[in-house]
Amino acid sequence: MSVFKDHKISLKQVLDFIPEALLIHLSATTKVDYYSKVLHGKKMFYLLLFCIFDNEKLSQRTLEDTFNSSGFKALFGLGEKEKVRRSSISERLSKIDTNYFKEIYEQMYARFSQLYDKAEIEKYNLIRVDSTIVADTCSKLKEGIDQKSGKKLVKFSFSFDGVLPSGVEVFTGQKYSAEDNALPEAILKQVKRKNITVIFILSTGVCSR
């Protein structure tokens with residue numbers, strides 16, 4: 001089984017850390033499966049996670065081939081006759097509620113953080129915060145920062161505590177084209193979640209809490 005190059009974490013270790021009961025519970029609370037008959041949220045999560053570990057690059061063709069493979073079905077207890085087409089995966093990805101995956105991550109991050117005592121946590125009191133921008137044509141993005149150039153931008157601001165990403169914010173409002181608006185908002189959300197003194201390292205400077 002493939003592992004992450006630097007951390008040597010196997011897929012099995014990650015799966016052992018994520019209770020199936022949690023995925024089922026979140027499927028119900030987020031209603032991620034409301035209109036789906038085959039590609040339920042749990043299956044999509046397993047599919048994406050497996051492919052991230054098993055492939056250097058993801059594509060809808062890779063997702064299709066993986067889902068239809070006997071190995072994937074055996075690992076996750078799917079029926080051998082279950083088949084999906086790339087078009088079905090594409091449609092599901094375009095409509096699936098991303099809050100389902102966000103909730104999974106936040107639950108796991110909180111659980112992982114509890115494994116450290118206060119002294120260990122203080123080793124990671126430097127929170128790095130930075131943003132990246134993704135651009136695409138206006139016809140493909142319903143929301144985004146309009147640059148009047150035929151393209152719209154989506155800004156992602158990431159917070160990293162040295163072990164795991166501790167937060168991700170997505171900005172599509174026009175005012176967030178300036179980092180002076182995006183980064184402070186991302187930091188304030190992190191401040192509310194932390195119960196220890198931390199230092200935030202920005203792409204343009206440092207601020208502390």
Side-chain angles (χ1 to χ4, degrees), residues 1-34 36 39-55 58 63 66-67 71-78 92-93 96-132 156-171 183 185-202 208-209:
M1 188 63 65
S2 298
V3 296
F4 285 120
K5 181 178 178 181
D6 296 328
H7 297 293
K8 304 299 182 183
I9 301 298
S10 69
L11 174 61
K12 183 180 184 304
Q13 288 174 301
V14 174
L15 291 174
D16 288 343
F17 196 72
I18 302 175
E20 184 178 7
L22 172 65
L23 302 182
I24 295 173
H25 172 71
L26 292 178
S27 292
T29 57
T30 63
K31 298 182 179 180
V32 71
D33 299 330
Y34 191 70
S36 178
L39 291 173
H40 295 162
K42 184 176 72 171
K43 291 180 184 178
M44 288 300 299
F45 174 75
Y46 284 148
L47 179 61
L48 292 168
L49 185 65
F50 183 93
C51 287
I52 288 172
F53 271 86
D54 208 45
N55 301 273
L58 287 183
L63 295 172
T66 298
F67 188 95
F72 178 78
K73 292 174 182 176
L75 182 61
F76 295 104
L78 304 184
R92 183 64 167 137
L93 288 173
I96 195 167
D97 187 353
T98 56
N99 284 323
Y100 175 68
F101 302 104
K102 181 180 179 181
E103 287 288 339
I104 293 173
Y105 185 85
E106 290 185 347
Q107 291 274 354
M108 291 303 98
Y109 183 84
R111 185 181 176 195
F112 184 79
S113 299
Q114 291 173 359
L115 299 178
Y116 288 84
D117 58 34
K118 184 176 180 180
E120 289 174 318
I121 291 176
E122 287 177 348
K123 296 178 183 178
Y124 302 104
N125 64 348
L126 297 178
I127 307 297
R128 300 158 182 83
V129 186
D130 201 359
S131 298
T132 187
F156 299 89
S157 294
F158 296 87
S159 303
F160 180 64
D161 64 9
V163 179
L164 292 170
S166 56
V168 179
E169 302 298 331
V170 181
F171 299 107
L183 287 181
E185 189 166 319
I187 290 172
L188 286 174
K189 290 187 177 181
Q190 286 297 295
V191 168
K192 294 178 181 179
R193 295 178 58 185
K194 298 291 181 181
N195 57 7
I196 61 171
T197 299
V198 295
I199 298 175
F200 292 91
I201 303 176
L202 312 182
S208 62
R209 171 243 181 190

Problem set entry | Any Met108 side-chain heavy atom under 4.5 Å of Pro19 side chain | yes

For this session: Would you give the length of the straight line joining atom CG of Leu11 to atom CZ of Phe53, rounded to the nearest 0.5 angstrom?
Result: 5.5 Å

Exercise. Excluding sequence neighbours, so at least two apart, what forms side-chain hydrogen bond (donor to acceptor under 3.5 Å, both in side chains) with Glu103?
Worked result: none

Problem set entry | Ser157 OG to Leu183 CG distance, which is reported to the nearest 0.5 Å | 5.0 Å

Problem set entry | Side-chain heavy-atom pair Tyr100, Ser27 within 4.5 angstrom cut-off | yes

Exercise. Do Leu26 and Val32 touch side chain to side chain, with heavy atoms closer than 4.5 Å?
Worked result: no

Problem set entry | Pair Arg92 + Asp97, salt bridge at N-O below 4.0 Å | no

For this session: Take Asp130 and Phe158 through the side-chain contact (heavy atoms from CB on, under 4.5 Å) test and state the conclusion after the steps.
Result: CA-CA 6 Å; Asp130 201 359; Phe158 296 87; over 6 Å; no

Problem set entry | Inter-residue atom distance Ser159.OG - Glu169.CD, 0.5 Å rounding | 7.5 Å

Exercise. Has the side chain of Asp54 got a donor or acceptor atom that lies under 3.5 Å from a matching backbone atom of Phe50?
Worked result: no

Exercise. So, for Ala186 and Phe171, which heavy atoms are closest and what is the spacing to 0.1 Å?
Worked result: N-CZ, 4.4 Å

Exercise. Rounded to the nearest 0.5 Å, how far apart are OH of Tyr105 and NZ of Lys102?
Worked result: 12.5 Å

For this session: Find out whether Val129 and Phe160 are in side-chain contact, i.e. whether some heavy atom of one side chain is under 4.5 Å from a heavy atom of the other.
Result: no

Exercise. Are Val170 and Thr98 side-chain neighbours, meaning at least one heavy-atom pair lies under 4.5 Å?
Worked result: no

For this session: Find out whether Phe67 and Leu78 are in side-chain contact, i.e. whether some heavy atom of one side chain is under 4.5 Å from a heavy atom of the other.
Result: yes

Problem set entry | Centroid separation Phe76 to Phe72 less than 6.0 Å | yes

For this session: Output the distance between atom OG1 (Thr29) and atom CD1 (Ile24), rounded to the nearest 0.5 Å.
Result: 12.0 Å

Validation: residues 39-49 side-chain donor-acceptor distances under 3.5 Å, sequence neighbours left out:
from: His40; atom 1: NE2; to: Lys37; atom 2: O; distance (Å): 3.4
from: Lys42; atom 1: NZ; to: Glu20; atom 2: OE2; distance (Å): 2.7
from: Lys43; atom 1: NZ; to: Val38; atom 2: O; distance (Å): 3.3
from: Lys43; atom 1: NZ; to: Glu82; atom 2: OE1; distance (Å): 2.7

Exercise. Distance from Leu58 atom CG to Cys51 atom SG, nearest 0.5 Å?
Worked result: 6.0 Å

